[in-house]
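Every heavy atom of this structure was used, including side-chain atoms; hydrogens, water molecules and symmetry mates were not.
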Amino acid sequence: MADFKDEFNALTIDSLATELSRSWAEFPTSRWRVLASARLDELRLSERIELFADALVTCLPDDFGEAAQIIERALCSPAFTGWMTMPVGTYVAKTGIDQPERALAVLAALTPRFSSEGPIRVFIGNVLRADVSVPARVGPRPDEHVRRLVSEGTRPRLPWARQLRAFIIDPTPTIALLDLLYDDQSPYVRRSVANHLNDISKDHPELVVNVARRWLSASPQRVDVVRHGLRTLIKRGEPTALEILGFAHDSTVRLVDLVCKPAALEIGDVATFRFTLEADVETRAAIDYVVHYQGASGLKAGKVFKLTTRTLAAGHLTAFERRHRFGHVSIRRIHPGPHRIDVQVNGRVLGGVDLTIEGPLCSGGEPFDQG
């Protein structure tokens, strides 16, 4: 699979020059090409975006108001879209920092072409001291992308972007924004709201549980938002989060048997484990499994993987099977030694099985499908 950084290439440089030249005849195309391609092959994704943005600082007018008009005229072209607009948002954050109202309007216009969730965080984090009114001031929000910007741009722990420490410490200001969006007509917006709520749950679980209860009371049909927003707490086995979604943490479910084959495997191999559950009464069950990987100094804390949700019939044996590949991925290296797989139902670990990874720690490997 191609690396995202490769989206910022010579073709992107030429395409962006074409769009900006249509909007501003004086755009210095030759200079832009030289600046935007300098050492491009050596740079990572974030560095390429910064390179393009810095080149725009040099090539667009020094007056931000004039530059903003050029960008807005370029947006009249449907071809001015996608990856090429990403460094333009970074450029706005660099040069519009002293004119936040004007800059926010440009970011709102850009976000339907490529989300401005990264650049807007510069204004929240630096200029306005985590002022929650920043995303609220992007103007009218008839476009779902702009509404999503309000939620996504204020996420405390947005991946691949700067964290908003003020909202990690005190997320209550962003709750006021989520209250306006959790019942949004767009699934795209609601998904962002759920991800935002999940971010908050990592630091303030009690607050998130209270918000989830309030949302479900007001809009019972929004269980999809609540379920996705509580996913971290569900994996942790938080009883109140489980209860909100209809799972009893103290339900009587027994692990009748658990078998894993092979018991010893090499890095990259697949382990298949089978188990059977039995409940005394009909029980709605959130069924997960937990993998304890071997670290440099022993078994690590478990990584929870979603298996399924099932209603277990009273007195009936229900069998399950899952395959799990112990291969290297971008966020995890597999170490030889003992590993463990636990079965977790409604947040409670019912039992587990040990297995051994053999062989040297090798480099390489490929991502795997947990399905």
Side-chain angles (χ1 to χ4, degrees), residues 1-3 159 198 202 230-239 241-242 247-280 283-313 315-371:
M1 187 177 74
D3 196 303
N198 187 62
K202 297 172 183 178
L230 294 179
R231 65 187 184 275
T232 292
L233 298 184
I234 294 298
K235 287 182 176 181
R236 289 180 184 174
E238 174 63 40
L242 287 159
F247 302 109
H249 180 69
D250 58 354
S251 58
T252 304
V253 178
R254 289 182 296 278
L255 180 65
V256 177
D257 58 63
L258 171 61
V259 177
C260 181
K261 294 184 178 181
L265 58 160
E266 295 183 354
I267 295 172
D269 287 348
V270 173
T272 300
F273 60 97
R274 302 178 179 89
F275 61 94
T276 304
L277 298 178
E278 183 181 27
D280 291 338
T283 302
R284 187 162 181 260
I287 304 167
D288 306 313
Y289 68 99
V290 187
V291 179
H292 298 268
Y293 292 96
Q294 180 65 219
S297 57
L299 283 181
K300 296 181 179 180
K303 165 68 176 175
V304 181
F305 294 91
K306 187 68 183 174
L307 200 154
T308 189
T309 297
R310 186 77 58 85
T311 297
L312 303 176
H316 179 72
L317 295 176
T318 305
F320 300 87
E321 179 178 311
R322 187 73 164 190
R323 300 171 72 248
H324 186 93
R325 183 181 299 278
F326 285 86
H328 301 307
V329 293
S330 59
I331 59 172
R332 184 184 307 112
R333 308 296 288 172
I334 302 299
H335 295 264
H339 291 62
R340 183 175 176 84
I341 297 175
D342 289 331
V343 173
Q344 176 175 293
V345 178
N346 290 353
R348 294 171 54 235
V349 172
L350 303 185
V353 62
D354 297 317
L355 62 156
T356 301
I357 305 296
E358 300 176 334
L361 177 63
C362 60
S363 60
E366 58 183 11
F368 60 91
D369 180 6
Q370 288 292 348

So, using side-chain hydrogen bond (donor to acceptor under 3.5 Å, both in side chains) as the criterion, who are the partners of [X] when residues are at least two apart?
X    : result
T276 : D257
E238 : T240
D354 : R340
S251 : N346

Kindly give the heavy-atom pair with the smallest separation between [X] and [Y], and that separation in Å.
X    : Y    : value
A271 : L355 : CB-CD1, 4.2 Å
L277 : L255 : CD2-CD1, 3.9 Å
L233 : A241 : CB-CB, 3.7 Å
R325 : G268 : NH1-O, 2.8 Å
I341 : L258 : O-CD2, 4.3 Å
L265 : F326 : CD1-CD1, 4.0 Å

For [X], side chain to side chain contact (heavy atoms under 4.5 Å, CB included) partners two or more places apart:
X    : result
D288 : V304, K306, Q344
R284 : F247, T309, T311
A279 : V253, T283, L312
E278 : R254, V256, L317

Among all residues two or more places apart in sequence or in another chain, which pass the salt bridge (charged side-chain N to carboxylate O under 4.0 Å, His left out) test with K303?
none

From [atom1] ([X]) to [atom2] ([Y]), nearest 0.5 Å:
X    : Y    : atom1 : atom2 : value
K300 : R332 : NZ    : CZ    : 7.5 Å
I287 : F320 : CD1   : CZ    : 3.5 Å
L299 : H292 : CG    : NE2   : 7.5 Å
R322 : F305 : CZ    : CZ    : 9.0 Å
L242 : H249 : CG    : NE2   : 7.0 Å

Could you give all pairs that pass the side-chain hydrogen bond (donor to acceptor under 3.5 Å, both in side chains) test and reach residues 260-275, with sequence neighbours left out?
R274-E321

Evaluate the side chain to side chain contact (heavy atoms under 4.5 Å, CB included) criterion for residues I267 and I357: first the C-alpha distance (whole Å), next the side-chain angles of each, then the deciding distance (0.1 Å), finally the verdict.
CA-CA 6 Å; I267 295 172; I357 305 296; 3.6 Å; yes

Looking at [Y], is its backbone amide N or carbonyl O close enough to the side chain of [X] to form a donor-acceptor pair, meaning the two atoms are under 3.5 Å apart?
X    : Y    : answer
Q294 : H339 : no
H328 : R333 : no
R310 : A286 : no

Within the 6.0 Å centroid threshold, strictly below: Y289 and F275:
no

